[in-house]
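Residue numbers start from 1 in every chain, and the chains themselves are labelled A, B, ... in the order their sequence lines are given, proteins ahead of strands. These numbers come from the heavy atoms of this one structure, side chains and all, not from hydrogens, waters or symmetry mates.
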Amino acid sequence: MEQNSRQTDVTFLWNGRPVTGRSGDSVAAALWRAGITTLARSRKVHRPLGYSGSYPTGVLARVNGRPNVRIDQVAVEAGLVVEMQNTWPSPRFDLLRLAQALPPKLVYGGFEHGAWMPKSGLAYRLAERAMANLAGVARPADTSLAAAAVAGERLDVDCLVVGGGPAGIAEANRHAERGGTVALVTRGDSLARFASSMGAALDTLDPRVRLFTGMELFGAYRDGALMVGAPHDNRRGAVAFVPRETVLATGRRSIPPMVRGSQLPGVLDAYAALQLAAVHRVMAGQRVAVVGTGAEMDIAKKLAVLGVDVVHRGPVAELSEIMGRRRVTGIRAGTQIRCDAVVHAGPWRADPSLGFQASGEGMFQVQAHPLPQSFSIVGAAARGDERIHAARHVHPDTLVCPCMDVTAGELYCHIDAGETDPEVLKRLTSCGMGTCQGFPCWENMLALLAARIGVEPEMFARPTHRPPRRSITVAQAAGLAALVEPDQ
Amino acid sequence: MNTLPLPKRASVVIIGGGVQGLSVAFNLVERGQKDILVLDAGYWQGGASGRNGTLIRPGFASVPWTELFILTVDEWRSWSKRLGENVMFTQRGYSVVSEAEKSEAMLLEGLKVQQSLGVNSRMLSRREIDDLLPAINKARVRAVQHQPDGGVAPHHAVMKGLLAFCQRNGVDVRYRTKISGLERTGPRVSAVLAGDHRIEADCIVSCAGPNNPDIAAMAAVPLNGFGMRIEAMALEPTRPLIKPAIALIDSLAYFHQTARGEVVGGTEVPERPRMSLKVDVPVMANMAKVYLEMFPQLGEVRILRHWAGQFHASTDYAPLLGEHPDLKDLWFSAGWSYGFAGAPAAGRLLAEAIAKGRIDRRMKPFALDRFEKTGPIVEGGIVLA
């Protein structure tokens, strides 16, 4: 409450209309508080998407002429101009959402395959032009923005800790006490956002640790000898770390439930919901359902303490559908329950990207191997992945990859025709080729595939987790040009 | 996916199910060839066919290259119809941009060759540059050679079309199937070995990309060239900003904006030669620098993903097309550095030669033994170091 008293009102523009948020809010939180839940439209059929904590695609908007800015990471400022993307003719009235009424099969393959397009000549060129406008999602950046390389930094450290949760802090402190140079990189704007939302007692970070907040460590290069991160704020430079040792304290995330409606605005992962409630004092909804793999009881209790009205708590495996057209209006979990938000707390899985990149090798396919000696994993990330509950028949409208708008039905269409190679499914559907580059959607894709053909998801080689998965702008990357010598 | 046991014999075994191998198969089917088997050690689109820049142009600086690529553009134009699948080839133009006096002179030289062979190609006026490339940083542009008939074809659509055609027409295509040896009988190659399994063949065509030297080694014959890797990256999609395909001849960079909005391209930095599918930071940083300098509006766009691809280049970077001079019935489509663009021509020329015994004059300059007989092909118009 003390925090609230210091907050002042800030007015910014959303689709041309003024919205008032509080200083310290992210744009996404301010919009949520104002009751605005649809922040983006999906790529193919313009489904409403919002702040989910799982998929960045729901929070990409145009901010002051810059396309595809993550508005859950931009603080409100007076006069900020924020616009929804991927709409026509205007954000307030998007005619293209009528595409939701198309027969689903018509958009399988989406913008990647021209089954319904003219095959050659001018007719194809015109169709291609139309498609480029539909698929492009965002208008290019305003020409008035001065473009210049953002100078990067190269940093040699004894130890690089990735992740600013309790495990990362403890590990960074331990290394600092031993006298080595330590850097800690966290995606959050502060340390241990989720643990502190849960009210956990925290160690303070040793002042000798160099802290990089608001930074995505997006790539492990040269077997992990080079680790590169970029700040979400694109005015700050990227950093190329050269660590002697790397500690992955990247935690685990809750994987969105694989049921119809899981992409609807109002479905939030536990961390995002806690953060909204504890930091921004914005409730996920008036009536909230919490599902999970065991943690839902604690999370629900904490949410209730923060003022959330929890109307249901139960295992995610019992959840069979999330209902709603523009946002969540209810769930089916044995019985039908009316609610306007669903918070999921499990299954918990670790993002495999950095470990995959540090260890991956192969001539025909890059596959993960045991981590290099210089790597260790601590905290929740070391606890292993929880199994994803997938039925053999998931509703075909279930969205597996919100970034590329890929449904279970589209995947089934290929799986049932005999295509069971994840690399091929990825290329046929573009599943996992969007903003998040495969996490969390490949977790669900592999579980769906395995359940369909009756095998274990672990038997499949994962598609390549490619860096830099939209973490770095062209201007930030250009600032690294003189800092990293080619491997000669 | 075909899970039946491998056959014991095939008329033609094609090693490599990329765009080269499937183009040969497709052209053979069109010429009435039956009993074709395609074997690939990786997955569909897993090799260079799924990792390249997809740029296509007819005009280069030498006669052999330009004649081959005029044919390939003609082929590209008819592929959608002949395959019965939309390969989404679009002739939205290909612009070769020079930033220095020396490269401008080279473009002018190349233009003469192209025009003498009937390629639609011209140098753009400043005004035309403004119209065609409104977003380009004009201060950096010295000259632009523009080929309106050039363009791009998205590899996912091309590979899907080829595979669908092959499967519909009885070609047996097996991915994730690695061969372990080749068998020679007298002066000819006679069989492919996949572990314990032996497949007898009348003719074997190696379209194995970076693994072509391994195939030659299995047959104990020499093959010119070396392995190379190149990196490319895709930016987050935006609405159309760049219309034609672009090659920057001085920056050694090439890119285009795909029909789904991503700017996809690559560049090269000098580094130690190695074969790997892993990427490194210098290419990303240098490519970003090129984008930022040439198209400043891309500065705010984020890089979506970055990957590497491998291929086998000949020492003059021109393809190696034809039967091996030392071993009968072993054919190669190898040594490519513009392999995706050239695949339709290569498939056609090889199929003519294999099925009809006709060696087209446009294929002759690319014979495997040219280095000993006529010397390497000199081509200054390729964007490759």
Side-chain angles (χ1 to χ4, degrees), chain A residues 66-68 111-115 117 119-120 124-125 128-129 131-133 135-141 143 145 147 149 221-222 226 228 234 240 360 362-366 418-421 423-424 427 435 437 464 466-475 477-478 480-481 484-488, chain B residues 1 41-47 50 77 80-81 86 88-92 135 154 156-157 160 175-176 210 235-241 257 259-261 269-272 275-282 284-289 291-292 296-307 310:
Chain A
R66 293 185 163 86
N68 287 326
F111 302 110
E112 286 68 46
H113 301 289
M117 294 169 77
K119 285 198 174 68
S120 60
Y124 176 71
R125 292 252 298 285
E128 184 195 31
R129 185 96 190 149
M131 185 172 85
N133 275 291
V137 180
R139 278 179 290 130
T143 47
L145 298 170
Y221 301 88
R222 301 183 185 180
L226 189 60
V228 186
N234 58 4
M363 283 298 286
F364 296 107
Q365 177 174 9
V366 182
E419 188 50 72
T420 56
D421 193 327
E423 285 280 14
V424 175
R427 282 163 178 80
T435 305
Q437 284 296 299
T464 308
R466 291 178 171 151
R469 54 177 197 178
R470 87 163 302 277
S471 303
I472 185 169
T473 66
V474 164
L480 290 170
V484 179
E485 288 293 310
D487 186 359
Q488 277 173 326
Chain B
M1 209 168 62
Y43 55 91
W44 177 71
Q45 279 198 62
R77 260 199 284 257
S80 289
K81 206 166 185 181
N86 197 350
M88 299 168 88
F89 172 53
T90 162
Q91 292 182 293
R92 52 161 113 151
H156 47 263
K160 189 165 184 253
Y175 288 96
R176 306 268 191 198
L235 307 186
E236 262 194 318
T238 61
R239 292 196 171 152
L241 180 72
Q257 187 170 15
R260 59 180 186 184
V269 297
E271 56 179 14
R272 85 186 148 85
M275 296 308 276
S276 166
L277 287 174
K278 294 202 291 189
V279 294
D280 203 356
V281 177
M284 177 175 76
N286 279 288
M287 194 67 214
K289 210 165 150 238
Y291 283 152
L292 189 63
Q297 272 171 283
L298 294 178
E300 296 291 341
V301 179
R302 284 171 203 269
I303 302 166
L304 193 55
R305 57 179 178 271
H306 175 198
W307 64 92
Q310 308 170 113

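Note: B:Arg302 CZ to A:Ile472 CD1 = 9.0 Å, rounded to the nearest 0.5 Å. Distance check: A:Arg139 CZ to B:Thr238 OG1 gives 11.0 Å after rounding to the nearest 0.5 Å. The CG atom of A:Asp487 sits 4.0 Å away from atom CZ of B:Arg272, with the distance rounded to the nearest 0.5 Å.
Between the side chain of A:Arg466 and the backbone N or O of B:Trp307, no donor-acceptor pair lies under 3.5 Å. Side chain of B:Lys278 to main chain of A:Gly360: a donor-acceptor pair is present (N/O by atom type, distance under 3.5 Å, no hydrogens or angles). Checked by atom type and distance alone, the side chain of B:Gln45 never pairs as donor or acceptor with a backbone atom of A:Arg427 at under 3.5 Å. Here the side chain of A:Arg469 pairs no donor or acceptor atom with the backbone of B:Leu304 at under 3.5 angstrom.
When each of B:Ser80, B:Gly42, B:Ala259 is scored by its heavy-atom pairs under 4.5 Å with chain A, the top score falls to B:Ala259. In terms of heavy-atom pairs under 4.5 Å with chain A, the best-connected choice from B:Ala285, B:Gly47, B:Pro296, B:Gly261 is B:Ala285. Your options are B:Lys289, B:Glu236, B:Glu271, and the one with the most heavy-atom pairs under 4.5 Å with chain A is B:Glu236. Counting heavy-atom pairs under 4.5 Å between each of B:Asp280, B:Leu241, B:Leu298, B:Val279 and chain A puts B:Asp280 at the top. Top candidate by heavy-atom pairs under 4.5 Å with chain B, chosen from A:Pro486, A:Ala475, A:Pro468, is A:Pro468. In terms of heavy-atom pairs under 4.5 angstrom with chain A, the leader among B:Lys81, B:Met275, B:Gln91 is B:Gln91.
B:Arg239 approaches A:Pro140 most closely through the heavy-atom pair O-CG, 3.6 Å.
Residues passing the side chain to side chain donor-acceptor pair (under 3.5 Å) test with A:Gln437, sequence neighbours excluded: none.
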*What's the verdict on side chain to side chain contact (heavy atoms under 4.5 Å, CB included) for B:Val281 and A:Arg222, showing C-alpha distance, side-chain angles and the deciding distance?*
CA-CA 9 Å; B:Val281 177; A:Arg222 301 183 185 180; 5.7 Å; no
_Worked verdict on A:Tyr221 versus B:Met284 for side chain to side chain contact (heavy atoms under 4.5 Å, CB included)_ = CA-CA 12 Å; A:Tyr221 301 88; B:Met284 177 175 76; 4.0 Å; yes
*asked:* What verdict does the side chain to side chain contact (heavy atoms under 4.5 Å, CB included) test give for B:Arg92 and A:Arg129, after you've listed the backbone C-alpha separation in whole Å, the side-chain angles of each residue and the deciding distance to 0.1 Å?
replied: CA-CA 10 Å; B:Arg92 52 161 113 151; A:Arg129 185 96 190 149; over 6 Å; no
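Contacts of A:Leu226 with chain B are made by side-chain atoms alone, with heavy-atom separations under 4.5 Å and no backbone atom involved. Using a 4.5 Å cut-off between heavy atoms, A:Val484 contacts chain B through both its backbone and its side chain. B:Glu300 touches chain A through backbone and side chain together, each having a heavy atom under 4.5 Å away. Interface remark: A:Leu145 contributes side-chain atoms only to the contact with chain B (heavy atom separation under 4.5 Å). When heavy atoms are compared at a cutoff of 4.5 Å, B:Pro210 does not approach chain A at all.
Of the N and O atoms on the side chains of A:Glu128 and B:Thr90, at least one donor lies less than 3.5 Å from an acceptor on the other residue.
Taking 4.5 Å as the limit, every side-chain heavy atom of B:Leu277 sits out of range of all side-chain heavy atoms of A:Thr464.
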